[in-house]
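What follows is one structure encoded as C-alpha coordinates, with my remarks underneath.
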Amino acid sequence: MNNQRSLFFNVDWFVILTYIGLCMIGWFNIHAAVYDPLNPTILDLDTNYGKQLIFIISAIIIGFAILLLDSKFFTTFSPIFYVITIILLILVLIIGRNVGGNQAWIPIGSFRLQPSEFAKFATCLLLARYLSSGTIKVQEIRTQLVAALIILLPTVLILLQPDAGSALTFSSLILLLYREGLSGYFLVIEGLSILLFILTVLYNKYIVLAGIIVVAGIIFYYYRKSKKMITVTGFGVLFSILFIFSVDYAYNQILKPHQRNRIDLILGKVDDPRGIGYNLNQSKIAIGSGGIWGKGYLQGTQTKYNFVPEQSTDFIFCTIGEEWGFIGCLFVIGLYLFLLIRIINIAERQRSSFARIYGYGVASILFFHIFINIGMTIGLIPVIGIPLPFLSYGGSSLWSFTILLFILLKFDSNRMGII
(Lines give C-alpha, C1' and ligand atoms only; values in the text may rest on other atoms or scores of the structure.)
Protein backbone atom coordinates (compact mmCIF):
# COMPACT_ATOMS: atom_id res chain seq x y z
CA MET A 1 0.00 0.00 0.00
CA ASN A 2 2.82 2.43 0.88
CA ASN A 3 4.55 1.65 -2.41
CA GLN A 4 1.35 2.44 -4.33
CA ARG A 5 0.94 5.71 -2.43
CA SER A 6 4.57 6.61 -3.19
CA LEU A 7 4.05 5.69 -6.82
CA PHE A 8 1.20 8.13 -7.34
CA PHE A 9 2.96 10.77 -5.26
CA ASN A 10 6.24 10.59 -7.19
CA VAL A 11 4.94 10.15 -10.73
CA ASP A 12 5.28 13.24 -12.95
CA TRP A 13 1.71 14.52 -12.93
CA PHE A 14 2.59 17.46 -15.19
CA VAL A 15 3.28 14.99 -18.01
CA ILE A 16 0.18 12.91 -17.25
CA LEU A 17 -2.11 15.96 -17.20
CA THR A 18 -0.57 17.20 -20.46
CA TYR A 19 -1.09 13.74 -21.97
CA ILE A 20 -4.76 13.64 -20.87
CA GLY A 21 -5.27 17.20 -22.12
CA LEU A 22 -3.93 16.32 -25.57
CA CYS A 23 -6.10 13.19 -25.70
CA MET A 24 -9.21 15.20 -24.87
CA ILE A 25 -8.35 17.88 -27.43
CA GLY A 26 -7.98 15.09 -29.97
CA TRP A 27 -11.34 13.57 -29.00
CA PHE A 28 -13.25 16.83 -29.40
CA ASN A 29 -11.59 17.61 -32.73
CA ILE A 30 -12.23 14.09 -34.06
CA HIS A 31 -15.89 14.73 -33.17
CA ALA A 32 -15.74 17.97 -35.15
CA ALA A 33 -13.97 16.32 -38.10
CA VAL A 34 -16.65 13.64 -38.59
CA TYR A 35 -19.61 15.53 -37.09
CA ASP A 36 -23.04 14.45 -38.32
CA PRO A 37 -25.91 16.88 -37.52
CA LEU A 38 -28.34 13.95 -37.69
CA ASN A 39 -26.40 12.17 -34.96
CA PRO A 40 -24.93 15.00 -32.85
CA THR A 41 -24.16 13.22 -29.56
CA ILE A 42 -20.46 12.97 -28.81
CA LEU A 43 -20.98 9.74 -26.83
CA ASP A 44 -22.24 7.58 -29.72
CA LEU A 45 -19.93 4.56 -29.55
CA ASP A 46 -20.67 3.54 -33.16
CA THR A 47 -18.89 6.62 -34.52
CA ASN A 48 -15.17 7.35 -34.82
CA TYR A 49 -15.26 9.79 -31.90
CA GLY A 50 -17.18 7.27 -29.81
CA LYS A 51 -14.58 4.61 -30.56
CA GLN A 52 -11.81 7.12 -29.82
CA LEU A 53 -13.29 7.68 -26.36
CA ILE A 54 -13.00 3.93 -25.77
CA PHE A 55 -9.41 4.04 -27.04
CA ILE A 56 -8.62 6.94 -24.68
CA ILE A 57 -10.13 5.25 -21.62
CA SER A 58 -8.38 1.97 -22.40
CA ALA A 59 -5.09 3.84 -23.05
CA ILE A 60 -5.28 5.55 -19.65
CA ILE A 61 -5.92 2.15 -18.02
CA ILE A 62 -2.90 0.73 -19.88
CA GLY A 63 -0.81 3.70 -18.76
CA PHE A 64 -1.61 3.30 -15.07
CA ALA A 65 -1.20 -0.48 -15.32
CA ILE A 66 2.35 0.18 -16.57
CA LEU A 67 2.99 2.37 -13.51
CA LEU A 68 2.02 -0.55 -11.25
CA LEU A 69 4.54 -2.91 -12.86
CA ASP A 70 8.12 -3.36 -11.72
CA SER A 71 10.43 -1.37 -13.99
CA LYS A 72 12.72 -4.41 -14.22
CA PHE A 73 9.94 -6.03 -16.25
CA PHE A 74 10.72 -3.69 -19.16
CA THR A 75 14.48 -4.02 -18.95
CA THR A 76 14.34 -7.80 -18.66
CA PHE A 77 11.78 -8.43 -21.38
CA SER A 78 12.88 -5.75 -23.86
CA PRO A 79 14.33 -8.39 -26.26
CA ILE A 80 11.05 -10.34 -26.06
CA PHE A 81 9.01 -7.22 -26.91
CA TYR A 82 11.30 -6.59 -29.89
CA VAL A 83 11.06 -10.17 -31.18
CA ILE A 84 7.25 -10.14 -30.84
CA THR A 85 6.94 -6.93 -32.87
CA ILE A 86 9.29 -8.31 -35.55
CA ILE A 87 7.13 -11.44 -35.78
CA LEU A 88 4.01 -9.26 -36.07
CA LEU A 89 5.67 -7.15 -38.79
CA ILE A 90 6.42 -10.32 -40.74
CA LEU A 91 2.92 -11.66 -40.09
CA VAL A 92 1.26 -8.50 -41.37
CA LEU A 93 3.01 -9.00 -44.72
CA ILE A 94 1.33 -12.42 -44.97
CA ILE A 95 -2.17 -11.96 -43.55
CA GLY A 96 -2.42 -8.20 -43.20
CA ARG A 97 -5.27 -6.13 -44.57
CA ASN A 98 -4.49 -3.62 -47.30
CA VAL A 99 -5.86 -0.15 -46.56
CA GLY A 100 -4.98 2.82 -48.73
CA GLY A 101 -2.26 0.90 -50.55
CA ASN A 102 -0.46 -0.21 -47.35
CA GLN A 103 -0.65 -3.75 -45.99
CA ALA A 104 -0.06 -2.57 -42.44
CA TRP A 105 -2.99 -3.89 -40.38
CA ILE A 106 -3.83 -7.24 -38.85
CA PRO A 107 -7.64 -7.66 -38.57
CA ILE A 108 -8.84 -8.77 -35.14
CA GLY A 109 -12.62 -8.85 -35.32
CA SER A 110 -13.80 -5.30 -36.01
CA PHE A 111 -10.48 -3.88 -34.78
CA ARG A 112 -7.33 -3.48 -36.88
CA LEU A 113 -3.95 -3.79 -35.16
CA GLN A 114 -1.03 -1.86 -36.67
CA PRO A 115 2.23 -3.56 -35.57
CA SER A 116 4.45 -0.76 -36.89
CA GLU A 117 3.17 1.52 -34.12
CA PHE A 118 4.21 -0.89 -31.35
CA ALA A 119 7.60 -1.49 -32.97
CA LYS A 120 8.57 2.05 -31.90
CA PHE A 121 8.61 1.50 -28.14
CA ALA A 122 10.01 -2.05 -28.56
CA THR A 123 12.93 -0.73 -30.62
CA CYS A 124 13.61 2.04 -28.09
CA LEU A 125 13.65 -0.49 -25.24
CA LEU A 126 16.07 -2.89 -26.97
CA LEU A 127 18.31 -0.04 -28.13
CA ALA A 128 18.44 1.32 -24.57
CA ARG A 129 19.26 -2.12 -23.19
CA TYR A 130 22.07 -2.67 -25.69
CA LEU A 131 23.64 0.78 -25.35
CA SER A 132 23.50 0.68 -21.53
CA SER A 133 25.06 -2.77 -21.20
CA GLY A 134 28.65 -3.34 -20.05
CA THR A 135 31.34 -1.20 -21.63
CA ILE A 136 29.44 -0.40 -24.81
CA LYS A 137 30.54 2.88 -26.42
CA VAL A 138 28.65 4.54 -29.25
CA GLN A 139 31.92 5.83 -30.70
CA GLU A 140 32.95 2.27 -31.65
CA ILE A 141 32.12 0.99 -35.15
CA ARG A 142 30.82 -2.34 -33.82
CA THR A 143 28.36 -0.57 -31.52
CA GLN A 144 27.17 1.64 -34.36
CA LEU A 145 26.60 -1.37 -36.61
CA VAL A 146 24.62 -3.30 -33.97
CA ALA A 147 22.55 -0.20 -33.14
CA ALA A 148 21.91 0.34 -36.85
CA LEU A 149 20.79 -3.28 -37.21
CA ILE A 150 18.32 -2.92 -34.30
CA ILE A 151 16.84 0.15 -35.98
CA LEU A 152 16.97 -1.07 -39.59
CA LEU A 153 15.27 -4.45 -39.10
CA PRO A 154 11.80 -3.05 -38.26
CA THR A 155 12.39 -0.17 -40.71
CA VAL A 156 12.92 -2.54 -43.66
CA LEU A 157 9.92 -4.70 -42.72
CA ILE A 158 7.70 -1.60 -42.51
CA LEU A 159 9.01 -0.38 -45.89
CA LEU A 160 7.86 -3.68 -47.39
CA GLN A 161 4.24 -2.93 -46.41
CA PRO A 162 4.98 -0.30 -47.90
CA ASP A 163 4.56 2.41 -45.24
CA ALA A 164 7.32 4.97 -45.84
CA GLY A 165 5.97 7.39 -43.23
CA SER A 166 6.14 4.96 -40.32
CA ALA A 167 9.52 3.64 -41.53
CA LEU A 168 11.02 7.14 -41.60
CA THR A 169 10.07 7.58 -37.94
CA PHE A 170 12.93 5.27 -36.92
CA SER A 171 15.46 7.64 -38.53
CA SER A 172 14.77 10.04 -35.65
CA LEU A 173 16.65 7.69 -33.30
CA ILE A 174 19.90 9.15 -34.63
CA LEU A 175 19.21 11.96 -32.13
CA LEU A 176 19.32 9.38 -29.33
CA LEU A 177 22.65 8.04 -30.63
CA TYR A 178 24.02 11.59 -30.90
CA ARG A 179 23.14 12.24 -27.25
CA GLU A 180 25.00 9.08 -26.27
CA GLY A 181 28.20 10.11 -28.05
CA LEU A 182 27.73 9.58 -31.78
CA SER A 183 29.89 12.02 -33.71
CA GLY A 184 28.20 15.18 -34.95
CA TYR A 185 29.56 14.31 -38.38
CA PHE A 186 26.72 11.81 -38.71
CA LEU A 187 24.17 14.60 -38.26
CA VAL A 188 26.03 16.64 -40.88
CA ILE A 189 25.99 13.63 -43.22
CA GLU A 190 22.25 13.20 -42.66
CA GLY A 191 21.66 16.90 -43.38
CA LEU A 192 23.80 16.80 -46.54
CA SER A 193 22.01 13.62 -47.63
CA ILE A 194 18.67 15.43 -47.42
CA LEU A 195 20.11 18.30 -49.46
CA LEU A 196 21.50 15.87 -52.06
CA PHE A 197 18.14 14.11 -52.23
CA ILE A 198 16.34 17.40 -52.95
CA LEU A 199 18.90 18.46 -55.58
CA THR A 200 18.76 15.04 -57.28
CA VAL A 201 14.96 15.20 -57.48
CA LEU A 202 14.95 18.79 -58.74
CA TYR A 203 17.76 18.54 -61.30
CA ASN A 204 19.37 16.01 -63.61
CA LYS A 205 21.67 13.70 -61.62
CA TYR A 206 24.62 14.48 -63.87
CA ILE A 207 24.28 18.20 -63.18
CA VAL A 208 24.32 17.47 -59.44
CA LEU A 209 27.39 15.25 -59.89
CA ALA A 210 29.15 18.01 -61.80
CA GLY A 211 28.44 20.40 -58.91
CA ILE A 212 29.84 17.88 -56.41
CA ILE A 213 33.03 17.50 -58.46
CA VAL A 214 33.49 21.28 -58.70
CA VAL A 215 33.09 21.69 -54.92
CA ALA A 216 35.48 18.78 -54.31
CA GLY A 217 38.02 20.34 -56.68
CA ILE A 218 37.93 23.61 -54.75
CA ILE A 219 38.43 21.75 -51.45
CA PHE A 220 41.31 19.72 -52.92
CA TYR A 221 43.00 22.91 -54.11
CA TYR A 222 42.77 24.83 -50.83
CA TYR A 223 43.57 21.82 -48.59
CA ARG A 224 46.02 20.00 -50.88
CA LYS A 225 48.57 19.82 -48.05
CA SER A 226 46.16 18.14 -45.64
CA LYS A 227 46.04 14.39 -46.19
CA LYS A 228 43.14 14.05 -43.75
CA MET A 229 41.00 16.62 -45.60
CA ILE A 230 41.81 15.06 -48.98
CA THR A 231 40.87 11.59 -47.66
CA VAL A 232 37.62 12.84 -46.12
CA THR A 233 36.72 14.72 -49.31
CA GLY A 234 37.51 11.66 -51.43
CA PHE A 235 35.21 9.47 -49.37
CA GLY A 236 32.59 12.25 -49.46
CA VAL A 237 32.66 12.34 -53.27
CA LEU A 238 32.40 8.54 -53.46
CA PHE A 239 29.47 8.52 -51.02
CA SER A 240 27.76 11.34 -52.95
CA ILE A 241 28.05 9.48 -56.26
CA LEU A 242 26.59 6.29 -54.79
CA PHE A 243 23.87 8.24 -52.96
CA ILE A 244 22.82 10.26 -56.03
CA PHE A 245 22.45 7.18 -58.23
CA SER A 246 20.61 5.37 -55.40
CA VAL A 247 18.18 8.26 -55.00
CA ASP A 248 17.62 8.46 -58.75
CA TYR A 249 16.88 4.74 -58.90
CA ALA A 250 14.68 4.68 -55.77
CA TYR A 251 12.75 7.79 -56.84
CA ASN A 252 11.97 6.49 -60.33
CA GLN A 253 11.78 2.74 -59.76
CA ILE A 254 10.73 2.11 -56.13
CA LEU A 255 8.50 5.02 -55.07
CA LYS A 256 4.90 4.81 -56.17
CA PRO A 257 3.53 7.54 -58.48
CA HIS A 258 1.47 9.17 -55.70
CA GLN A 259 4.57 9.32 -53.46
CA ARG A 260 6.63 10.96 -56.22
CA ASN A 261 3.78 13.38 -56.86
CA ARG A 262 3.69 14.45 -53.21
CA ILE A 263 7.44 15.16 -53.22
CA ASP A 264 7.21 17.02 -56.55
CA LEU A 265 4.37 19.12 -55.16
CA ILE A 266 6.31 20.23 -52.07
CA LEU A 267 9.46 20.97 -54.11
CA GLY A 268 7.49 23.07 -56.58
CA LYS A 269 8.00 20.84 -59.61
CA VAL A 270 4.24 20.63 -60.16
CA ASP A 271 1.25 22.79 -59.26
CA ASP A 272 -2.01 20.84 -59.22
CA PRO A 273 -4.40 22.12 -56.52
CA ARG A 274 -7.32 20.12 -57.94
CA GLY A 275 -5.41 16.86 -58.39
CA ILE A 276 -2.37 15.61 -56.48
CA GLY A 277 -2.24 18.82 -54.45
CA TYR A 278 -5.89 18.68 -53.40
CA ASN A 279 -5.34 17.36 -49.87
CA LEU A 280 -2.57 19.85 -49.11
CA ASN A 281 -4.42 22.77 -50.72
CA GLN A 282 -7.60 22.08 -48.74
CA SER A 283 -5.55 21.63 -45.57
CA LYS A 284 -3.94 25.04 -45.98
CA ILE A 285 -7.30 26.63 -46.79
CA ALA A 286 -8.84 25.11 -43.64
CA ILE A 287 -6.03 26.29 -41.36
CA GLY A 288 -5.83 29.74 -42.96
CA SER A 289 -9.58 30.30 -42.82
CA GLY A 290 -9.53 29.97 -39.03
CA GLY A 291 -7.82 33.33 -38.63
CA ILE A 292 -6.68 34.36 -35.16
CA TRP A 293 -9.49 32.96 -33.00
CA GLY A 294 -11.05 30.35 -35.28
CA LYS A 295 -14.64 29.85 -36.41
CA GLY A 296 -15.73 28.06 -33.25
CA TYR A 297 -16.43 24.48 -32.27
CA LEU A 298 -18.36 22.59 -34.98
CA GLN A 299 -18.47 25.76 -37.11
CA GLY A 300 -15.67 24.95 -39.55
CA THR A 301 -17.00 24.84 -43.13
CA GLN A 302 -13.98 23.01 -44.58
CA THR A 303 -14.30 20.50 -41.76
CA LYS A 304 -18.08 20.22 -41.80
CA TYR A 305 -18.33 19.58 -45.53
CA ASN A 306 -15.45 17.06 -45.66
CA PHE A 307 -13.19 19.03 -47.99
CA VAL A 308 -10.06 17.61 -46.36
CA PRO A 309 -9.66 13.82 -46.70
CA GLU A 310 -8.37 11.85 -43.69
CA GLN A 311 -9.15 14.81 -41.44
CA SER A 312 -9.70 12.77 -38.29
CA THR A 313 -6.35 10.97 -38.69
CA ASP A 314 -3.40 12.46 -40.58
CA PHE A 315 -4.96 15.92 -41.02
CA ILE A 316 -6.50 16.43 -37.57
CA PHE A 317 -4.43 19.62 -37.15
CA CYS A 318 -6.58 21.23 -39.89
CA THR A 319 -9.64 21.02 -37.65
CA ILE A 320 -7.76 22.75 -34.84
CA GLY A 321 -6.60 25.49 -37.22
CA GLU A 322 -10.05 26.13 -38.69
CA GLU A 323 -12.19 25.94 -35.57
CA TRP A 324 -9.74 27.24 -32.96
CA GLY A 325 -7.58 29.50 -35.13
CA PHE A 326 -4.00 30.62 -34.66
CA ILE A 327 -4.45 30.80 -30.88
CA GLY A 328 -5.68 27.19 -30.75
CA CYS A 329 -2.77 26.01 -32.92
CA LEU A 330 -0.34 27.92 -30.73
CA PHE A 331 -1.85 26.36 -27.61
CA VAL A 332 -1.56 22.80 -28.96
CA ILE A 333 2.01 23.38 -30.17
CA GLY A 334 2.78 24.87 -26.75
CA LEU A 335 1.49 21.73 -25.04
CA TYR A 336 3.69 19.60 -27.30
CA LEU A 337 6.70 21.81 -26.65
CA PHE A 338 6.13 21.60 -22.90
CA LEU A 339 5.79 17.81 -23.13
CA LEU A 340 9.01 17.42 -25.14
CA ILE A 341 11.01 19.68 -22.81
CA ARG A 342 9.63 17.82 -19.81
CA ILE A 343 10.56 14.46 -21.33
CA ILE A 344 14.12 15.63 -22.00
CA ASN A 345 14.37 16.90 -18.42
CA ILE A 346 13.09 13.54 -17.17
CA ALA A 347 15.64 11.72 -19.32
CA GLU A 348 18.52 13.87 -18.07
CA ARG A 349 17.70 13.36 -14.40
CA GLN A 350 17.66 9.55 -14.60
CA ARG A 351 20.18 7.65 -12.51
CA SER A 352 20.40 4.69 -14.89
CA SER A 353 21.77 4.97 -18.42
CA PHE A 354 19.00 2.61 -19.62
CA ALA A 355 16.26 5.02 -18.52
CA ARG A 356 18.13 8.05 -19.90
CA ILE A 357 18.67 6.45 -23.31
CA TYR A 358 15.06 5.27 -23.45
CA GLY A 359 13.88 8.78 -22.53
CA TYR A 360 15.72 10.27 -25.48
CA GLY A 361 14.16 7.62 -27.69
CA VAL A 362 10.71 8.75 -26.53
CA ALA A 363 11.58 12.41 -27.18
CA SER A 364 13.02 11.64 -30.64
CA ILE A 365 10.00 9.68 -31.86
CA LEU A 366 7.43 12.15 -30.50
CA PHE A 367 9.35 15.12 -31.95
CA PHE A 368 9.51 13.46 -35.38
CA HIS A 369 5.77 12.75 -35.41
CA ILE A 370 4.82 16.23 -34.24
CA PHE A 371 7.18 18.07 -36.59
CA ILE A 372 6.37 15.98 -39.67
CA ASN A 373 2.60 15.84 -39.15
CA ILE A 374 2.15 19.57 -38.52
CA GLY A 375 4.70 20.36 -41.22
CA MET A 376 2.82 18.36 -43.84
CA THR A 377 -0.55 19.97 -43.02
CA ILE A 378 0.88 23.46 -43.65
CA GLY A 379 2.89 22.50 -46.74
CA LEU A 380 6.43 22.41 -45.36
CA ILE A 381 6.84 18.62 -45.56
CA PRO A 382 5.62 16.08 -48.17
CA VAL A 383 2.45 14.27 -47.10
CA ILE A 384 3.73 10.92 -45.78
CA GLY A 385 0.82 9.89 -43.60
CA ILE A 386 1.79 9.62 -39.94
CA PRO A 387 -0.49 10.39 -36.96
CA LEU A 388 -0.26 13.38 -34.66
CA PRO A 389 0.51 11.91 -31.20
CA PHE A 390 -2.50 11.63 -28.86
CA LEU A 391 -4.72 13.68 -31.23
CA SER A 392 -5.22 11.57 -34.37
CA TYR A 393 -7.94 8.93 -34.52
CA GLY A 394 -6.76 5.35 -34.03
CA GLY A 395 -6.33 2.80 -31.28
CA SER A 396 -2.94 1.38 -32.29
CA SER A 397 -1.21 4.75 -32.45
CA LEU A 398 -2.77 6.04 -29.21
CA TRP A 399 -1.92 2.87 -27.29
CA SER A 400 1.64 2.73 -28.62
CA PHE A 401 2.32 6.38 -27.78
CA THR A 402 0.78 5.82 -24.34
CA ILE A 403 3.01 2.78 -23.69
CA LEU A 404 6.03 4.68 -24.99
CA LEU A 405 5.39 7.59 -22.60
CA PHE A 406 4.26 5.72 -19.49
CA ILE A 407 7.22 3.34 -19.48
CA LEU A 408 9.41 6.44 -19.16
CA LEU A 409 7.19 7.75 -16.34
CA LYS A 410 7.62 4.40 -14.59
CA PHE A 411 11.41 4.66 -14.84
CA ASP A 412 11.20 8.21 -13.51
CA SER A 413 9.08 7.19 -10.52
CA ASN A 414 11.77 4.63 -9.66
CA ARG A 415 14.33 7.41 -9.70
CA MET A 416 12.25 9.09 -6.99
CA GLY A 417 12.80 6.13 -4.71
CA ILE A 418 10.23 3.47 -5.67
CA ILE A 419 11.56 -0.08 -5.61
Side-chain angles (χ1 to χ4, degrees), residues 15 19 22-23 55 59 62-63 66 74-75 77-92 96 102 104-106 112-131 147-177 179 313-314 336 339-340 343-344 346-347 354-373 384-392 394-411:
V15 170
Y19 158 80
L22 287 168
C23 288
F55 294 150
I62 291 171
I66 288 171
F74 301 105
T75 57
F77 289 97
S78 54
I80 304 299
F81 294 143
Y82 185 82
V83 170
I84 290 173
T85 56
I86 294 300
I87 293 173
L88 289 174
L89 288 173
I90 295 172
L91 193 62
V92 78
N102 295 335
W105 289 267
I106 297 175
R112 296 181 308 198
L113 182 73
Q114 190 174 5
S116 59
E117 292 294 336
F118 298 95
K120 295 166 188 175
F121 82 83
T123 302
C124 284
L125 281 173
L126 186 60
L127 199 57
R129 172 165 171 157
Y130 171 68
L131 295 177
L149 180 62
I150 293 172
I151 296 170
L152 285 175
L153 184 55
T155 302
V156 171
L157 291 173
I158 293 169
L159 280 173
L160 292 175
Q161 295 177 359
D163 185 357
S166 295
L168 282 172
T169 301
F170 292 86
S171 66
S172 66
L173 294 176
I174 194 173
L175 298 174
L176 178 161
L177 297 174
R179 167 60 182 82
T313 53
D314 298 342
Y336 277 130
L339 181 63
L340 288 172
I343 289 172
I344 291 173
I346 288 173
F354 182 102
R356 182 189 68 246
I357 295 168
Y358 178 79
Y360 270 91
V362 175
S364 299
I365 288 176
L366 288 179
F367 170 76
F368 183 89
H369 271 268
I370 295 164
F371 177 77
I372 297 298
N373 183 280
I384 60 174
I386 60 174
L388 189 58
F390 313 119
L391 267 70
S392 292
S396 292
S397 63
L398 179 59
W399 292 340
S400 68
F401 285 129
T402 299
I403 294 170
L404 188 76
L405 181 62
F406 274 77
I407 289 175
L408 177 62
L409 292 177
K410 177 59 185 178
F411 289 146

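These figures come from a predicted structure and were not determined experimentally. Atoms considered below: every heavy atom in the structure, side chains included; atoms not considered: hydrogens, waters and symmetry mates.
The CZ atom of F74 lies 8.5 Å from the CD1 atom of I403; values are rounded to the nearest 0.5 Å. With values rounded to the nearest 0.5 angstrom, I365 atom CD1 is found 9.0 Å from L176 atom CG. With rounding to the nearest 0.5 Å, the separation of OH in Y360 from CG in L408 is 11.5 Å. Q114 CD to W399 CH2: the interatomic distance, rounded to the nearest 0.5 Å, is 12.5 Å. The CG atom of D163 lies 9.5 Å from the CD1 atom of I386; values are rounded to the nearest 0.5 Å. Atom OG of S166 is separated from atom NE2 of H369 by 6.5 Å, given to the nearest 0.5 angstrom.
The nearest pair of heavy atoms linking I158 to S116 is CD1-CB, 3.6 Å. The two atoms that bring I344 and A363 nearest to each other are CG1-CB, 4.1 Å, heavy atoms only. Contact between V92 and A104 at its shortest, heavy atoms only, is CG2-C, 3.4 Å.
Judged by distance alone, with hydrogens and angles left aside, the side-chain atoms of Y82 form a donor-acceptor pair with the main-chain N or O of I150 at under 3.5 Å. Side-chain N or O atoms of S392 include one that pairs as donor or acceptor with a backbone N or O of T313 at under 3.5 Å. Distance alone, capped at 3.5 Å, is enough to place a donor-acceptor pair between the S400 side chain and the S397 backbone. In this structure, N373 contributes its side chain and D314 its backbone to a donor-acceptor pair below 3.5 Å. Between the side chain of R129 and the backbone N or O of T75, at least one donor-acceptor pair lies under 3.5 Å. With hydrogens and angles disregarded, a donor-acceptor distance shorter than 3.5 Å links the side chain of S172 to the backbone of T169.
Put simply, the side chain of L404 reaches to within 4.5 Å of the side chain of Y358, judged on heavy atoms. Looking only at side-chain heavy atoms (C-beta outward), P115 and W105 stay at 4.5 Å or farther from each other. Side chains of T123 and T85 form no contact here, defined as non-hydrogen atoms less than 4.5 Å apart. In this structure, L339 and L22 have side chains that are in contact, with non-hydrogen atoms separated by less than 4.5 Å. Between I343 and L405 the shortest side-chain heavy-atom distance falls below 4.5 Å. Two residues are said to be in side-chain contact when any heavy atoms from C-beta on lie closer than 4.5 Å; K120 and F170 meet this criterion. Counting heavy atoms from C-beta outward, F406 and I62 have side chains that stay 4.5 Å or more apart.
Using the six-membered ring where Trp is involved, F118 and F121 have ring planes that are perpendicular, over 60° apart on the 30 and 60° scheme.
Under the side-chain contact (heavy atoms from CB on, under 4.5 Å) test applied with L409, the options I66, V362, I346 reduce to a single match, I346.
Aromatic ring centroids of Y19 and F401 lie 6.0 Å or more apart. Annotation: Y336 is not in aromatic contact with F367 [ring centroid separation under 6.0 Å not met].
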Take L125 and F354 through the side chain to side chain contact (heavy atoms under 4.5 Å, CB included) test and state the conclusion after the steps. CA-CA 8 Å; L125 281 173; F354 182 102; 4.0 Å; yes

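Side chains of Y130 and S78: no donor on one and acceptor on the other come within 3.5 Å.
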